[in-house]
Amino acid sequence: MATFKAIVFSTKNHIKNDGTTNIKIRVYHNEESQYIPTEFYLPPLYMGKNGEVQEDYPEADLINYELGELIQGYRKLVIQLGTHRLKNVNCKDLKEYLTQASEPDYELIDFVAFSRRIIAKTKKKNTLNWYTVAINSLVWFYGKQVIDAKEITSSKLQAYIEQLTESGGQNKKPFEPGAVNNYLRALRSLFNKCKLKYNDDNLDIIRIQHDPFVKIKIPAVRRKRKNIGIDEIKRIRDGVFNTERENIGRDIFMMMFYLMGININDLFLLKPPKRGRIEYERSKTNTDDNIHNFLLSINNHAQRTWL
């Protein structure tokens with residue numbers, strides 16, 4: 001079982017200019033110690049070895065009472081963890097759990113605030129916009145800026161889908177299935193990230209126990225085929241257009257086609273051929289969570305035989 005005691009450090013680097021030092025709660029567990037700072041400060045000589053403030057210090061009774069309440073709160077949290085979970089966690093993780101669980105709003109997990117933190121860290125512009133429009137839509141639907149993760153239920157999401165499909169969003173225009181699909185996939189992605197953040201498998205603490213997306217049916221979308229036939233490609237290749245802009249567009253299209261469907265960003269960043277081959281990696285897959293990039297290599301001379 002973890003033990004707790006109020007202590008102070010009296011070394012020079014812990015003493016403030018006014019001669020006081022912070023009272024900390026020492027957490028001792030699995031032969032390790034961690035320290036949780038409190039709001040109280042006093043000169044080191046007034047802290048007794050028994051972990052109580054000496055009686056001759058002003059307001060000693062009040063401070064001892066507050067420290068006792070704090071320690072009792074930590075003990076309660078440890079008891080709630082249970083012996084099995086406690087023995088499998090190190091002292092540092094226990095300290096972090098006690099610190100977080102003691103916050104007044106610990107039970108509230110603000111899904112909107114969490115999502116906006118994810119958005120702020122998102123580097124890819126398309127993904128950033130994808131998340132932003134989805135969370136803004138959800139805020140509009142709920143009618144508030146703070147949405148507890150527990151409030152995101154299957155029934156509420158189903159009502160959200162029906163709202164978008166039948167009456168539309170803020171502009172009152174009903175959504176196409178593809179738009180609804182897009183919003184729901186973005187919200188599901190954010191919700192899964194939220195569960196990953198707040199559920200601690202090491203401590204077996206599952207603060208978000210439900211998955212509201214399991215029981216709802218996200219509208220399916222059949223993507224339109226974008227293929228064009230060889231005759232259309234030949235007409236583009238051989239076309240002579242009225243403006244320079246159109247002819248440049250023809251040439252860029254053919255370059256993208258010859259380079260295995262390269263996107264415009266990768267075309268702009270393309271490096272000169274090496275050993276008769278043009279090589280590049282798709283920037284679309286160049287993200288922090290995608291480690292499966294692969295090299296595309298095209299024979300620079302083979303293009304002469306195409307079409």
Side-chain angles (χ1 to χ4, degrees), residues 80 85 97 100-101 103-227 282 284-292:
Q80 290 174 339
R85 284 187 290 183
Y97 165 67
Q100 294 174 8
E103 294 293 329
D105 60 350
Y106 175 72
E107 295 300 324
L108 169 69
I109 297 176
D110 187 346
F111 179 66
V112 176
F114 170 81
S115 298
R116 299 210 188 281
R117 289 195 295 271
I118 292 296
I119 290 169
K121 296 177 183 178
T122 301
K123 298 177 182 179
K124 196 171 181 181
K125 186 176 180 179
N126 288 343
T127 304
L128 184 151
N129 292 336
W130 183 47
Y131 285 156
T132 300
V133 295
I135 200 65
N136 287 345
S137 174
L138 194 72
V139 166
W140 165 81
F141 176 72
Y142 274 77
K144 55 185 181 179
Q145 288 290 338
V146 177
I147 304 174
D148 193 336
K150 292 189 291 291
E151 296 181 81
I152 302 177
T153 62
S154 298
S155 58
K156 198 72 174 178
L157 287 177
Q158 188 58 48
Y160 174 63
I161 292 173
E162 292 171 1
Q163 168 70 34
L164 295 182
T165 304
E166 298 172 7
S167 304
Q170 291 173 280
N171 62 1
K172 305 300 182 182
K173 183 179 179 181
F175 281 36
E176 294 293 330
V180 178
N181 177 284
N182 200 44
Y183 277 40
L184 267 294
R185 286 189 299 105
L187 293 173
R188 181 175 60 191
S189 174
L190 288 168
F191 194 82
N192 287 338
K193 291 179 186 296
C194 192
K195 292 181 69 174
L196 190 63
K197 166 69 176 178
Y198 289 101
N199 290 349
D200 192 329
D201 293 332
N202 292 327
L203 286 172
D204 194 23
I205 297 173
I206 311 301
R207 294 178 63 187
I208 304 177
Q209 300 183 5
H210 69 304
D211 186 348
F213 293 88
V214 171
K215 294 183 179 180
I216 65 169
K217 186 176 181 180
I218 299 177
V221 178
R222 178 173 293 179
R223 296 184 180 275
K224 296 180 180 179
R225 295 179 63 85
K226 299 180 181 180
N227 298 351
R282 294 187 66 199
K284 185 176 182 180
T285 60
N286 186 21
T287 57
D288 291 340
D289 57 354
N290 192 330
I291 60 173
H292 303 295

Participant: A side-chain contact here means heavy atoms from C-beta on lying under 4.5 Å apart; do Phe111 and Ile152 qualify?
Facilitator: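 The answer is yes; the side chains approach within 4.5 Å.
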Participant: Look up atom CZ in Arg188 and atom NZ in Lys193, then write down how far apart they are to the nearest 0.5 Å.
Facilitator: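 Arg188 atom CZ to Lys193 atom NZ measures 12.5 Å (nearest 0.5 Å).
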Participant: Excluding sequence neighbours, so at least two apart, what forms salt bridge (charged side-chain N to carboxylate O under 4.0 Å, His left out) with Lys144?
Facilitator: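 Lys144 satisfies salt bridge (charged side-chain N to carboxylate O under 4.0 Å, His left out) with Glu151 once adjacent residues are dropped.
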Participant: Could you pull out the closest heavy-atom pair between Pro219 and Asn181, with the gap in Å?
Facilitator: O-ND2, 2.8 Å
Participant: Under the ring-ring contact (aromatic ring centres under 6.0 Å, His included) rule, collect the residues that match up with Phe141, sequence neighbours excluded.
Facilitator: Tyr160
Participant: Starting at NZ of Lys215, measure out to CG of Leu157 and round the result to the nearest 0.5 Å.
Facilitator: 12.5 Å
Participant: Using side chain to side chain contact (heavy atoms under 4.5 Å, CB included) as the criterion, list what pairs up with Glu176, not counting sequence neighbours.
Facilitator: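 By the side chain to side chain contact (heavy atoms under 4.5 Å, CB included) rule, Glu176 matches no residue at all.
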Participant: Are Ser137 and Leu164 side-chain neighbours, meaning at least one heavy-atom pair lies under 4.5 Å?
Facilitator: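 Yes, their side chains come closer than 4.5 Å.
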Participant: Could you list the residues that satisfy side chain to side chain contact (heavy atoms under 4.5 Å, CB included) with Arg85, not counting sequence neighbours?
Facilitator: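 If we apply the side chain to side chain contact (heavy atoms under 4.5 Å, CB included) test to Arg85, skipping adjacent residues, the hits are Leu81, Asp204, Ile205.
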Participant: Ser189: which residues meet the side chain to side chain donor-acceptor pair (under 3.5 Å) condition with it, sequence neighbours left out?
Facilitator: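 With sequence neighbours excluded, Ser189 shows a side chain to side chain donor-acceptor pair (under 3.5 Å) to Tyr131, given in chain and number order.
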Participant: Between OG1 of Thr127 and CD1 of Ile119, what distance do you get to the nearest 0.5 Å?
Facilitator: 11.0 Å
Participant: Calculate, to the nearest 0.5 Å, the distance between atoms NZ and CD1 belonging to Lys195 and Ile109 respectively.
Facilitator: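 That separation rounds to 11.0 Å.
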Participant: Under the rule for side chain to side chain contact (heavy atoms under 4.5 Å, CB included), what residues qualify as partners of Val133, not counting sequence neighbours?
Facilitator: Tyr183
Participant: Going by side chain to side chain donor-acceptor pair (under 3.5 Å), name the residues that satisfy it together with Thr153, two or more places apart in sequence or in a different chain.
Facilitator: Ser155
Participant: Checking Asp211 now: which residues fulfil salt bridge (charged side-chain N to carboxylate O under 4.0 Å, His left out) with it, not counting sequence neighbours?
Facilitator: none
Participant: If we ignore hydrogens and angles and just use 3.5 Å, is the side chain of Asn199 paired with the main-chain N or O of Ile208 as donor and acceptor?
Facilitator: yes
Participant: Test of understanding: with ring-ring contact (aromatic ring centres under 6.0 Å, His included), list the residues that count as partners of Phe213, not counting sequence neighbours.
Facilitator: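 Phe213: ring-ring contact (aromatic ring centres under 6.0 Å, His included) contacts with Phe191.
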Participant: For the atom pair CD (Gln158) and CD1 (Ile218), what is the distance rounded to the nearest 0.5 Å?
Facilitator: 10.5 Å
Participant: Can you sort out the partners of Gln145 under side chain to side chain contact (heavy atoms under 4.5 Å, CB included), two or more places apart, ordered by chain and number?
Facilitator: Val112, Arg116, Val139
Participant: Can you list everything that forms a salt bridge (charged side-chain N to carboxylate O under 4.0 Å, His left out) with Lys150? Sequence neighbours excluded, please.
Facilitator: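 In terms of salt bridge (charged side-chain N to carboxylate O under 4.0 Å, His left out), with neighbours along the sequence ignored, Lys150 is linked to Asp148.
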Participant: State, to 0.1 Å, how close Ser154 and Pro212 come at their nearest heavy-atom pair, and which atoms those are.
Facilitator: OG-O, 2.9 Å
Participant: Measure across Leu187 and Leu138 and return the closest heavy-atom pair with its distance rounded to 0.1 Å.
Facilitator: CD1-CD1, 3.9 Å
Participant: Who are the side chain to side chain donor-acceptor pair (under 3.5 Å) partners of Tyr198, not counting sequence neighbours?
Facilitator: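 Only Arg117 meet the side chain to side chain donor-acceptor pair (under 3.5 Å) criterion with Tyr198.
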